[in-house]
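In what follows, a single structure is set out as structure tokens and then discussed.
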Protein chains: 2
Amino acid sequence: MEELEHPDRAGLRIEAVLAALDHPVRLRVVRTLADGEELTCRQILPEMTKSSASHHWRVLRENGIVEQRRQGRNLYMRLRRADLDARFPGVLDAVIDG
Amino acid sequence: MEELEHPDRAGLRIEAVLAALDHPVRLRVVRTLADGEELTCRQILPEMTKSSASHHWRVLRENGIVEQRRQGRNLYMRLRRADLDARFPGVLDAVIDG
DNA sequence: CCTATAGTTCGATTCGATTCGAACCGTATC
DNA sequence: GATACGGTTCGAATCGAATCGAACTATAGG
């Protein structure tokens, strides 16, 4: 398993953010994490096949939407609200509020 | 030719906005129209084939990004900044400012 | 060590968006 | 009417993203 690579705040790109958010599954993930809670992958997408879910985790992480942290066997996800609000104020709220 | 159908302000959906903006050509169109100017299709995308351009115009219109107006042979485009700012404050600025 | 669990990676497939050419529609101009 | 111009529509081709199964890595627990 590779290291979990996240873009830093300055490295966030709006094009990447738009691409990451333009998918119903990933949009649902964002809304699930909207309250700031830190959840595991299985908690968020229990019904999806592992490989498909893993694909979406990578997109969300590499495009700067979530921060991921490994603890034991689990992968915990947290919305990067502070970073996203700082770089693109309003975008996350628009997505979450629908 | 069909009538130009635009969603009204209340009908704007963030999913549709994200889908419309998640494309380099359409992103360029939005940035070209950022200053509020009203331009014709040919002025904005002169190099693209007509059919491809027409496809993008439709996405931008039906997803609520631009308002289109026919005058003679020309189609004029205008960014729906007021509507988008009202429904999804910050999104358009984030996209335009990069 | 053995087994179960969580997630990744790979290759193949599927599916939708993009692209284009060609034919068409409407308008302007002669 | 004839021609040119600006866009649309259609069908076909292309291309990339999403999906999945299978094999794999790594950790937890017995």
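Throughout, protein chains are lettered first and strands after them, A, B, ... in sequence-line order, and every chain is numbered starting at 1.
For A/R42 and D/dA26, the CZ to P distance is 20 Å, given to the nearest whole Å. Taking atom CZ of residue A/R26 and atom C1' of nucleotide D/dT19, one finds them 13 Å apart after rounding to whole Å. Look at CG on A/L4: it is 14 Å from P on D/dA26, rounded to the nearest Å. A straight line from CZ of A/R58 to P of C/dT9 spans 7 Å, rounded to a whole angstrom. Going from atom CZ of A/R69 over to atom P of C/dA6 covers 16 Å, rounded to whole Å. Atom CG in A/L27 sits roughly 13 Å away from atom P in D/dA18 (whole-Å rounding). Taking atom CZ on A/R73 and atom C1' on D/dT25, their separation rounds to 13 Å, with Å as the unit. Atom NE2 in B/H23 sits roughly 14 Å away from atom P in D/dC15 (whole-Å rounding).
Looking at heavy atoms from C-beta onward, B/L79 lies in side-chain contact with B/L92 at the 4.5 angstrom threshold.
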Output a table of nitrogen or oxygen pairs between the protein and nucleotides 20-23 of chain C separated by less than 3.5 Å.
from, atom 1, to, atom 2, distance (Å)
C/dC20, OP2, B/T49, OG1, 3.2
C/dC20, OP2, B/S52, OG, 3.2
C/dG21, N7, B/S51, OG, 3.3
C/dG21, O6, B/S51, OG, 3.1

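By the side-chain hydrogen bond (donor to acceptor under 3.5 Å, both in side chains) test, A/D93 pairs with A/R81, sequence neighbours left out.
Here the NE2-CG distance, from B/H55 to B/L60, works out to 9.5 Å after rounding to the nearest 0.5 Å. The structure places CD of A/Q43 at 10.0 Å from CD of A/E38, a figure rounded to the nearest 0.5 Å.
Two residues, A/H55 and A/N74, neighbour DNA chain C, and the one matched to the more 5' nucleotide by heavy-atom proximity is A/N74.
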**OP:** With side chain to side chain donor-acceptor pair (under 3.5 Å) as the test, would you mind laying out the steps for A/Q68 and A/R70 before giving the verdict?
**Re:** CA-CA 7 Å; A/Q68 296 177 348; A/R70 257 192 253 281; over 6 Å; no

**OP:** Start with the C-alpha distance between A/T49 and A/S52, add both sets of side-chain angles, then the distance that settles side chain to side chain donor-acceptor pair (under 3.5 Å), and finish with yes or no.
**Re:** CA-CA 5 Å; A/T49 62; A/S52 293; 3.1 Å; yes

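With hydrogens and angles disregarded, a donor-acceptor distance shorter than 3.5 Å links the side chain of B/R26 to the backbone of B/A20.
The minimum heavy-atom distance between B/L33 and B/M77, with the atom names listed, is CD2-O, 3.7 Å. Taking every heavy atom of both residues into account, B/V91 and A/A94 meet most closely at CG2-CB, 3.6 Å.
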Subject >> Annotated protein contacts, base or backbone, on nucleotides 11-16 of chain C with a non-hydrogen cut-off under 4.0 Å, one of B, S, - each >> reply: ------

